[in-house]
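The next block holds one structure in the form of structure tokens; read it before the comments.
Worth saying up front: this structure is predicted, and the values here are computed from it rather than measured.
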Amino acid sequence: GDVRRLRYAIGGDELDLEIEPVSAGAFALRGQLAAPAPAMCRVHGTASGERFEARVDADGLFAVESLPAGAWSLTIETPGAAYRLPEFVP
């Protein structure tokens with residue numbers, strides 16, 4: 001399929017995202033946060049105005065399996081700071 005990959009530097013850490021269409025008008029968001037103690041971090045945001053949140057596991061992995069198309073905003077919260085990514089469209 002058409003997987004879109006994005007990479008961000010947030011603070012001294014890295015965030016890798018994969019966005020993949022799963023059905024007409026819906027996308028899966030999967031990612032990995034390379035940070036110390038990633039399980040202490042939180043990923044949340046909005047997709048077309050719909051709020052979502054994903055738990056980050058001990059390996060830094062997280063996923064939201066079905067989000068609507070449209071403008072997405074994403075915030076990464078670490079124990080020391082919060083990083084809001086620029087809005088994007090999948």
Side-chain angles (χ1 to χ4, degrees):
D2 297 320
V3 177
R4 182 176 175 193
R5 290 179 174 83
L6 303 171
R7 175 170 280 174
Y8 295 93
I10 56 170
D13 306 322
E14 282 191 0
L15 173 67
D16 290 313
L17 298 177
E18 285 188 354
I19 302 161
E20 181 177 17
V22 292
S23 65
F27 295 83
L29 171 66
R30 299 180 189 99
Q32 183 166 23
L33 177 61
M40 300 292 293
C41 301
R42 195 168 79 105
V43 175
H44 61 91
T46 60
S48 293
E50 178 181 309
R51 292 181 179 273
F52 66 88
E53 184 172 336
R55 291 208 171 267
V56 182
D57 72 12
D59 295 321
L61 300 171
F62 62 90
V64 181
E65 293 303 328
S66 184
L67 292 171
W72 290 9
S73 67
L74 197 62
T75 299
I76 312 302
E77 290 185 15
T78 67
Y83 303 95
R84 184 180 173 134
L85 303 181
E87 188 173 88
F88 62 93
V89 176

Gap separating the [atom1] atom of [X] from the [atom2] atom of [Y], nearest 0.5 angstrom:
X     : Y     : atom1 : atom2 : result
Arg42 : Leu33 : CZ    : CG    : 13.5 Å
Leu17 : Arg5  : CG    : CZ    : 11.5 Å
Arg84 : Glu77 : CZ    : CD    : 12.0 Å

Spell out, yes or no, whether [X] and [Y] are grouped together once hydrophobic residues are joined by side-chain heavy atoms under 4.5 Å, including indirect joins.
X     : Y     : value
Leu61 : Ile10 : no
Phe62 : Phe88 : yes
Leu6  : Tyr83 : yes

Please assess Leu67 against Ile19 for the test side-chain contact (heavy atoms from CB on, under 4.5 Å), listing each intermediate value before the final yes or no. CA-CA 10 Å; Leu67 292 171; Ile19 302 161; over 6 Å; no
Which heavy atom in [X] sits nearest to a heavy atom in [Y], and how many Å separate them?
X     : Y     : answer
Val22 : Glu65 : CG2-O, 3.8 Å
Ser66 : Ala26 : OG-CB, 3.8 Å
Ala63 : Ala54 : O-CB, 4.0 Å

When you measure from the side chain of Asp57 to the backbone N and O of Asp59, does any donor-acceptor pair fall under 3.5 Å?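 Present.
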Give a yes or no on whether the backbone of Cys41 and the side-chain of Thr78 come within a donor-acceptor separation of less than 3.5 Å. no
Do [X] and [Y] come within less than 4.5 Å of each other through their side chains, counting heavy atoms only?
X     : Y     : answer
Val43 : Val64 : no
Val56 : Ile76 : no
Asp13 : Tyr8  : no
His44 : Arg51 : no

Whether Trp72 and Phe27 hold their rings parallel, tilted or perpendicular, with breakpoints at 30° and 60°: perpendicular
Would you say CZ of Arg4 has more than 12 non-hydrogen atoms from neighbouring residues, nucleotides or ligands within 6.0 angstrom? yes
